[in-house]
Amino acid sequence: MLWFSSLTGQSTLVGAGGGVTAAKVRRGETENSCHNCCRQPRLCGAMMRKGVEAVLLLSLLFFTSHAKATRYSPPGKPALTRCRSPEKETFTCWWEPGSDGGLPTTYALYYRKENSETVYECPDYHTAGENSCFFNKNDTSIWVNYNITVVATNALGSTFSDPVDIDVVYIVKPNPPEKVTVSVMEDKGWPFLRVSWEPPHKADTRSGWITLIYELRVKLEGEDEWEMHLAGQQKMFNIFSLRSGGTYHVQVRCKPDHGFWSEWSSTSYIKVPDYFHREKSVWILITVFSAFIFLILTWLLHMNSHSLKHCILPPVPGPKIKGFDKQLLKNGKSEDVFSALVVSDFPPTTSSNYEDLLVEYLEVYIPEEQELTLEESKDLHDSCLKSEGSTSDNDSGRGSCDSHTLLMDKREAKEGERQTDQEESQTEAQRQQKDWDEEELTYTHEDMVSPDMSSGRVKTWPSVFSPLPQYTLSPLVQRSSLEMAKQHCLSDSLFPPSSTSSYLIQPGNSTKEALGPSHWDFSLSNKQPQLLHPESQAHSNINISSIGHKQTPVSLLTPALGRTEYVEVQRVNEEDMVLLQPIVCGEGCPQMRQAEDYSKVRGVDSDNMLLLQREVAKEEVDMCPYDDQEADGSTEGCYTSSDINTNQKPPACSYTATPVQDNRTLPASGYVDTATMFTLPTY
Amino acid sequence: MEQENEEATRKRSDDQQIRSKRKAMAHRRTSGSKLLMTVLYMVASCSAVPISDLLDRASQGSDKLHSLSTTLTQVLDSHFPPIGRVITPRPSTCHTSSLHTPNDKAQALQVSMGPAAQAISALPYRGGNDIGQDKISKLINFHFLMSCFRRDSHKIDSFLKVLRCRAAKMQPEMC
């Protein structure tokens, strides 16, 4: 150290102004002398002093001679950058030169070992390249401190670098690993990379002189990040989790146990082949399966599309009006549409239906002895039989004659008479009642009525007939004296439960003899009390028992039964009873008058009116003006029951004033065709 | 009745005694065998450790030691004033420098169980008691001591690793 410092001091002194040669000489001298005086320090000092003086003279001379030349300077201070040993057997030192001062500069490296003062110069400047010094095996001692200095020298002077202390074992930096091989191998279907290498050939790892640990790095082609793997002392490494079809870059480096890392080896490229991912097969199976199921579902949907459509979008119901024609409506002609709605049989206006509807019939049984007494009453005024057996509603046509007040008047008049007859009639009624009960129940009216008005019937039955003895069964004389009620309406008010006057008129073969030429006459009028006759009472006692022997009334349903009896409604008494009287038909009653035929009982309306229906061949007319030629005061309009009940439909009580062949013109009064069986409907 | 009961109790006691005797004998047997077995195991386990493993473990220890010393030295160097470097005594003045240790590879490889290693291991690494009184001197001396220790630990580590490699002929991956 001290020796070096003295050298440098001298050289600086010289280098301040000295020329190159002088410096060189000085250096050489000092060097040469150094070799000598290193061994003999005393001589060294004296010689140094001499040299210094010589150099000063020479430098002054040189400097003055080249005073006006370009500025030259001694070289700058070099610096040792690094010293490395690759295998712990040799080492190399590199330095960085300073400025050369404009003059060619030489560099020299000097080193000194730990225990001696001997300064050695670098044995090899070239092996390791420019500005390097290579120490071979012979010059290298381990576990020994080296003191190394680099000196830059030019004509003007030399410059020493800072000394560096090194120990070879601490500066080991091996060469990178060699023979790096990368290969793709397979482990249970999964590929992996196997990287293998060898230590640098110079490093003696076999004897254990150097212990190396390795590190490798991997990256995919195109990426920036390396994946580091520390391999330890092994010379082989496996890399897993590869991307199929990718190219990998692999590099390896090594480091001694106490040293520096080597440089990375040259990159090794490896391409991983494409391999079929096991998991993908599962996904493929799943997709195939789901596609299959989807196909099945679509097929099912297609098959059941119709029913589904019905389920989701139910069809809109169309109109269900009878006679409704959509096309007509679309055409826009409303009249046609509505006319089409009018069904021929609605509303029921023809009387033909009534025959079907009416199952009722009036049965009147007249004992034979009464036959003669019965006469046809010619004075039957018109009575408008409202035989509208309106089954449709209770507001069937009532007899226009059936005004309540009128009935009341009649009733009052009869009261006195009735009492006398009641006793007889009661006994008779009892008998009759039995007979009634024995009958078959074809008389629906009876069926319907009997439970309700058993007592009523009892009551009424005699009451029906009670006036008869008063009037009815008398011959025509009586009749003529009869003041025919203006209304000969057979009102169904006779047949309410309260006061029923149900009776059956049953002409039939069986009863023929009973009835015989039964032209009986029921008079409704009570205004002739004087007509009461005892025999009328007897008449009144119509042998109802004979009714019991009747045949089945089924046969009676046929209108064309033998002889046709005609009964005429005389009036309605105050007790809402229809009093009938037979009509004498001389040369044969006009079967069916063209105009009117009140042979049918339409029904009984709620006001206890027996509605008789008039059959008209022709179309019906509301009003029924009648030609009352006989009745005296019975120019009564054929009041429809609508008088009483305005809601009534026009009864079929119109008639045309056709000339009647018969002499006696039948009044426009209804008559009951006994041949016709009808049952009185109850409501 | 009473006699029968007595006999029964006597029988029971006899049985119990026999059982206890048997148990004791069994215990003795087991204890003896156990002792023998433990001895055998110990003998076997001692020789079971291969030398390579031992050297491996030793070299690992020395490796760690050297690493520690290196770290310490570097830390101290950073704290060291530059002027102190000049004053630092040379490593040749380490107290262990008198020991003849190999200076190159050839020499190092030739040494197997030389006396140098033994000497190093036996020497207490104190470096004398004269560290110094003032802080600077203490620091310098300690620093010097650490540098000496660093070198010596490296020597030991290298030596052990050479030996390890030599012992692990069957396991080339060791070297």
Side-chain angles (χ1 to χ4, degrees), chain A residues 1-2 4-5 85-91 112-117 135-147 162-172 196 198-199 202-214 231-237 255-260, chain B residues 55-56 59-60 62-71 73-74 77 82 85-94 96-110 147-148 150-169 171-175:
Chain A
M1 271 308 182
L2 292 169
F4 266 123
S5 56
S85 167
E87 72 281 87
K88 220 192 294 187
E89 296 167 28
T90 62
F91 70 101
R112 193 170 70 86
K113 285 193 183 179
E114 173 180 297
N115 293 325
S116 67
E117 294 294 332
F135 295 82
N136 57 8
K137 283 185 186 179
N138 299 328
D139 297 326
T140 307
S141 303
I142 52 173
W143 292 308
V144 171
N145 250 20
Y146 278 78
N147 196 318
D162 292 330
V164 171
D165 281 321
I166 57 163
D167 198 336
V168 177
V169 291
Y170 298 148
I171 55 165
V172 180
S196 66
E198 284 185 9
K202 284 186 182 177
D204 183 15
T205 54
R206 199 172 286 273
S207 63
W209 182 237
I210 295 180
T211 307
L212 293 172
I213 54 174
Y214 304 96
Q233 279 182 261
Q234 62 198 27
K235 298 173 187 62
M236 179 260 297
F237 195 77
K255 174 178 105 73
D257 46 3
H258 308 286
F260 301 100
Chain B
L55 282 170
D56 187 31
S59 57
Q60 285 175 15
S62 68
D63 190 284
K64 284 177 187 172
L65 203 61
H66 177 70
S67 301
L68 280 170
S69 65
T70 305
T71 311
T73 311
Q74 285 167 355
D77 270 343
R85 278 201 200 140
V86 181
I87 314 168
T88 305
R90 293 183 185 181
S92 57
T93 57
C94 287
T96 55
S97 61
S98 60
L99 299 170
H100 294 284
T101 55
N103 286 330
D104 62 356
K105 177 189 168 185
Q107 291 175 13
L109 289 176
Q110 284 171 3
S147 64
C148 293
R150 182 189 177 195
R151 179 186 285 186
D152 294 337
S153 63
H154 191 271
K155 283 179 186 178
I156 293 163
D157 184 50
S158 297
F159 186 61
L160 284 171
K161 280 171 183 174
V162 169
L163 287 178
R164 175 181 72 175
C165 199
R166 267 191 210 168
K169 289 233 169 98
Q171 299 157 349
E173 65 270 11
M174 283 281 198
C175 297

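Throughout, protein chains are lettered first and strands after them, A, B, ... in sequence-line order, and every chain is numbered starting at 1.
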Item to complete: Check step by step if side chain to side chain contact (heavy atoms under 4.5 Å, CB included) holds for D204(A) and K105(B).
Response: CA-CA 10 Å; D204(A) 183 15; K105(B) 177 189 168 185; 2.9 Å; yes
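For the salt bridge (charged side-chain N to carboxylate O under 4.0 Å, His left out) with D167(A), the qualifying choice from R150(B), R151(B), K155(B) is R151(B), the only one to do so. Test H66(B), H154(B), K161(B) against D257(A) for side-chain hydrogen bond (donor to acceptor under 3.5 Å, both in side chains) and you get one pass: K161(B).
Pairing each heavy atom of C165(B) with each of T205(A), the nearest pair is SG-O, 3.9 Å. Closest approach of W209(A) to L109(B), counting heavy atoms only: CE3-CD2, 4.4 Å. Considering all non-hydrogen atoms of both residues, K88(A) and S158(B) come closest at NZ-OG, 3.9 Å.
Neither the backbone nor the side chain of Q234(A) comes within contact range of chain B; no heavy atoms are under 4.5 Å apart. Proximity to chain A is absent for every atom of T70(B), based on heavy atoms less than 4.5 angstrom apart. There is no contact between K137(A) and chain B, counting heavy-atom distances below 4.5 Å.
Once rounded to the nearest 0.5 Å, the distance linking CG of N103(B) with OG1 of T140(A) reads 12.0 Å. Distance check: T211(A) OG1 to L160(B) CG gives 10.5 Å after rounding to the nearest 0.5 Å. Taken to the nearest 0.5 Å, the OG atom of S69(B) stands 8.0 Å off from the NE2 atom of H258(A).
Shown here are the ring pair (Phe, Tyr, Trp, His ring centres under 6.0 Å) partners of F91(A), two or more places apart in sequence or in another chain: F135(A), Y146(A).
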